[in-house]
Amino acid sequence: MNHAPTMASLMALLRWDKPSGRLILLVPAGWALWLATPQPPPLLVLQILVGGLGVSGAGCIVNDLWDRSIDRQVQRTRQRPLASGALGGSVAVMLLLALLTLSLAVALTLPHRELCLSLAALAVVPILLYPGAKRVFPYPQLVLACTWGFAVLIPWAAVRGTLTGNLVLWLTWLATVLWSFGFDTVYAMADQADDRRLGIHSSVRSLGSRVVPVVGCCYGLTMVCLGLAAATAGVQPWWWLIWLVAAWGMGREVVLLWCRRDPPARFYGLRFAAQVKLGSLLLLGMMASRAGLA
């Protein structure tokens, strides 16, 4: 039975009660901003922040609308507002439209509006289709990773006005896609038994025994690509100390995944949260390093 929406149920629908998933989208946007220019304008940073939160919330609602019948059958998701009946579909749709409108309004106010608006329109397609990918595509996490790539393209376009002729951009984009595929694959490990029972595709099921080595390769290549991007953009030498700490952290995460056998689902949530911290560490170091070059 559906109930009147409460603040708690709306926050849960948007996943704003679990900030890790929202921060992990904003981190690559920050990479793009601070690699595109040593000191991005505060207003632009705020616009990207608001737009990113709006799009992220919209994506969560679309996912839950697609999956509410499935979510009821999965231990980790059965208490989500739509699956549990705490919220009705009409409320979710209205909130979805409001967030898409907010995101559109932000895109319309960005510098180089035409390019940013075109990219935002393109991003809506995978956002809307991603939840369905798990029903037909063996690697739905790859669809999400490509969607995450727009978090790099739009901020870069807002600063530079073009997506051509810059190796830094595409190295950052590739780092983001690889990183996203890796951490979302780890996140999916918590649901692999339920996914198998329900016939839901995931990269975890498709990769089988190769899943941890593939995640390790994704994390390693992420660090290589982001390091090359930062070096090409011009960071101060001390930033590499932060890079080494983050690279060690990435390696540690892979070792933890490799050594644990049948851990509780919470273990994979902690591994996901660790990626937020590592990505944020790289971003904060990048911000401090690039500030000295402004």
Side-chain angles (χ1 to χ4, degrees), residues 1-26 29 46-110 117 119-137 140-141 143-144 147-148 150-151 154 180 184 187-188 190-191 194-195 198-202 265-266 269 272-273 276:
M1 179 180 293
N2 297 326
H3 304 284
T6 64
M7 183 58 67
S9 62
L10 293 174
M11 292 284 285
L13 179 65
L14 299 173
R15 311 285 199 277
W16 288 354
D17 58 333
K18 298 177 179 179
S20 292
R22 313 292 67 77
L23 293 173
I24 210 164
L25 175 65
L26 297 173
L46 178 62
Q47 289 170 305
I48 295 300
L49 175 64
V50 172
L53 289 174
V55 169
S56 176
C60 292
I61 295 173
V62 170
N63 184 79
D64 285 9
L65 286 169
W66 269 89
D67 286 353
R68 52 185 160 177
S69 61
I70 293 175
D71 286 344
R72 295 186 186 108
Q73 305 175 63
V74 176
Q75 179 64 34
R76 184 178 61 84
T77 59
R78 62 182 52 176
Q79 294 304 315
R80 286 179 176 174
L82 292 180
S84 65
L87 283 179
S90 58
V91 174
V93 170
M94 286 190 292
L95 187 55
L96 171 62
L97 293 175
L99 289 173
L100 290 176
T101 301
L102 172 65
S103 301
L104 174 61
V106 171
L108 287 170
T109 63
L110 289 173
L117 190 58
L119 290 168
L122 286 175
V124 170
V125 177
I127 289 170
L128 295 178
L129 294 181
Y130 162 68
K134 68 183 72 173
R135 293 162 169 83
V136 296
F137 184 51
Q141 282 69 31
V143 179
L144 182 69
T147 306
W148 234 254
F150 284 96
I154 294 174
S180 304
D184 199 50
Y187 195 69
D191 298 332
D194 288 316
D195 287 347
L198 297 170
I200 300 298
H201 292 292
S202 76
R266 181 174 177 272
F272 179 83
V276 180

For Phe137, give me all partners under ring-ring contact (aromatic ring centres under 6.0 Å, His included), at least two apart in sequence or on another chain.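 Counting only residues at least two positions away or on another chain, Phe137 forms no ring-ring contact (aromatic ring centres under 6.0 Å, His included).
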Check [X] against [Y] and note the closest heavy-atom contact, atom names and distance.
X      : Y      : result
Ile61  : Ala92  : CG2-O, 3.4 Å
Asp184 : Tyr130 : OD2-OH, 3.7 Å
Cys60  : Arg15  : SG-CG, 3.3 Å
Pro140 : His201 : CG-O, 3.5 Å
Leu100 : Ala58  : CD2-CB, 4.0 Å
Val62  : Ile127 : CG1-O, 3.7 Å

Gap between atom [atom2] of [Y] and atom [atom1] of [X] - 0.5 Å precision:
X      : Y      : atom1 : atom2 : value
Tyr187 : Leu144 : OH    : CG    : 11.5 Å
Leu87  : Leu95  : CG    : CG    : 9.0 Å
Thr101 : Leu96  : OG1   : CG    : 9.0 Å
Trp148 : Ile24  : CH2   : CD1   : 7.0 Å
Asp195 : Ser202 : CG    : OG    : 5.0 Å
Arg80  : Asn63  : CZ    : CG    : 6.0 Å

Is there a side-chain contact between [X] and [Y] (heavy atoms, below 4.5 Å)?
X      : Y      : result
Leu99  : Leu53  : no
Leu129 : Val143 : no
Arg78  : Asp194 : no
Val91  : Leu13  : no

Regarding Lys134 and Asp67, does a basic nitrogen lie under 4.0 Å from an acidic carboxylate oxygen? yes
Backbone N/O of Thr109 and side chain of Gln47: donor-acceptor pair under 3.5 Å: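 Checking the backbone N and O of Thr109 against the side chain of Gln47, a donor-acceptor pair under 3.5 Å is found.
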Among all residues two or more places apart in sequence or in another chain, which pass the side-chain contact (heavy atoms from CB on, under 4.5 Å) test with Leu108?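 So Leu108 forms a side-chain contact (heavy atoms from CB on, under 4.5 Å) with Leu104, Arg113, Leu117.
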